[in-house]
2 protein chains.
Amino acid sequence: MTPVQASACCRPIDDLLDPELFKALSDPTRSRLLGCLVKCGCACTVSDVGECCAVDLSVVSRHLSLLERAGVVQSSKTGRTVHYVVDYAHLCRTMRAIADAIEQCCPAEQLPGCARGCCGAR
Amino acid sequence: MTPVQASACCRPIDDLLDPELFKALSDPTRSRLLGCLVKCGCACTVSDVGECCAVDLSVVSRHLSLLERAGVVQSSKTGRTVHYVVDYAHLCRTMRAIADAIEQCCPAEQLPGCARGCCGAR
DNA sequence: TGCGTACTTGCACCATAATGCAAATATACT
DNA sequence: AGTATATTTGCATTATGGTGCAAGTACGCA
């Protein structure tokens, strides 16, 4: 593998393994809120989503806005209510991109002795 | 959508949105260590992986064992050295499974008025 | 048996983040 | 204008987690 090839196949990894996205999904309460939102399959208000968790509404509000900053959900305000929707397309695209990048960077068979040294890692 | 269909398409979501996995990927140092391991493309010792980060070796050790508990990497001990490898297959499978589950649970078009009520979630 | 290497664990410290309550903001309704 | 509802923000508290150092363990080697 030439340096050019290596750089082409491995560069995306660092961008895709974005800690911010995973951090957004790493909290149990947020995970539950997101699951609720996913299963609902439509735009839900903050209060609606809050019903699936035994936490204060202010906590729900903060979690949802954090999920939005991470690009997992989108919000739209109509009047005094805020509706949240899962950004399905973005989420699916990202998950698949990670899988693709890892596969492209790392073939199924392990090379012996770290002979590859892709991207100058190591 | 019948309850049976809903339950079939949505049940996997809760399991797949496992906070433990995402927590493992949510720390910048761990992300970097994993990226290093991915790009290396072969089994690396703890010391080797540690060279890509300016943290104490004990920190590297802890991070790698955490990644292993999360199912992201696998370790094998030979003598006094421990080799870590990325569990590419598992990682890719999980990422794609999440994308698949979300897509199956939630069609591209939003249903109006929360008429769906999939899985009893609001 | 003694020493060096590879890694792990205990511990203390510090930073970050989750939470609930109360207050503030924004908007609708009368 | 005044009141009720939906959400957000400030603040204090608490919990969680990352880090380094030092000590401990496990193993290889002479």
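Protein chains get the first letters and strands the later ones, always in sequence-line order, with residue 1 at the start of each. What you see is a predicted model; the values in this text were computed from it and never measured.
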Rounded distance in Å - [atom1] ([X]) to [atom2] ([N]):
| X | N | atom1 | atom2 | answer |
| --- | --- | --- | --- | --- |
| Lys23(A) | dT16(D) | NZ | P | 17 Å |
| Glu51(B) | dC7(C) | CD | P | 11 Å |
| Leu33(A) | dT7(D) | CG | P | 13 Å |
| Leu66(B) | dT16(D) | CG | C1' | 13 Å |
| His63(B) | dG17(D) | NE2 | C1' | 9 Å |
| Leu64(B) | dG18(D) | CG | C1' | 14 Å |
| Leu57(A) | dA22(C) | CG | P | 15 Å |

Test item: His83(A) side-chain N/O and Thr78(A) main-chain N/O as donor-acceptor pair under 3.5 Å: no
Please check this pair: side chain of Glu68(B) against backbone of Ser75(B), looking for a donor-acceptor N/O pair closer than 3.5 Å. yes
Please tell me which of the listed nucleotides, [options], lies nearest to the side chain of [X]?
| X | options | result |
| --- | --- | --- |
| Ser61(B) | dT19(D), dT8(D), dC7(C) | dC7(C) |
| Arg62(B) | dT7(D), dT8(C), dC11(C) | dC11(C) |
| Asp56(A) | dG17(D), dC21(C), dG20(D) | dC21(C) |
| Ser58(B) | dT7(D), dG20(C), dC21(D) | dC21(D) |

Does the side chain to side chain contact (heavy atoms under 4.5 Å, CB included) test come out yes or no for Leu34(A) and Leu17(B), once each step is laid out? CA-CA 9 Å; Leu34(A) 178 61; Leu17(B) 288 181; 4.1 Å; yes
Just do the side chain to side chain contact (heavy atoms under 4.5 Å, CB included) check on Leu25(A) and Ser31(A) with the steps written out, would you? CA-CA 6 Å; Leu25(A) 303 174; Ser31(A) 180; over 6 Å; no
List the steps and the verdict of side chain to side chain contact (heavy atoms under 4.5 Å, CB included) for Arg93(B) and Ile98(B). CA-CA 9 Å; Arg93(B) 212 183 312 125; Ile98(B) 292 171; over 6 Å; no
Is the phosphate of dT8(D), meaning OP1 or OP2, less than 4.0 Å from a side-chain N or O of Ser65(A)? no
Residues within residues 69-82 of chain A bordering DNA chain D, heavy-atom distance below 4.0 Å: Arg80(A), Thr81(A), Val82(A)
Could you go through the side chain to side chain contact (heavy atoms under 4.5 Å, CB included) check for Asp14(B) and Lys39(A) one step at a time? CA-CA 9 Å; Asp14(B) 291 323; Lys39(A) 287 185 281 191; 2.7 Å; yes
Do Arg96(A) and Glu103(A) meet the salt-bridge criterion of a basic N to acidic O distance under 4.0 Å? no
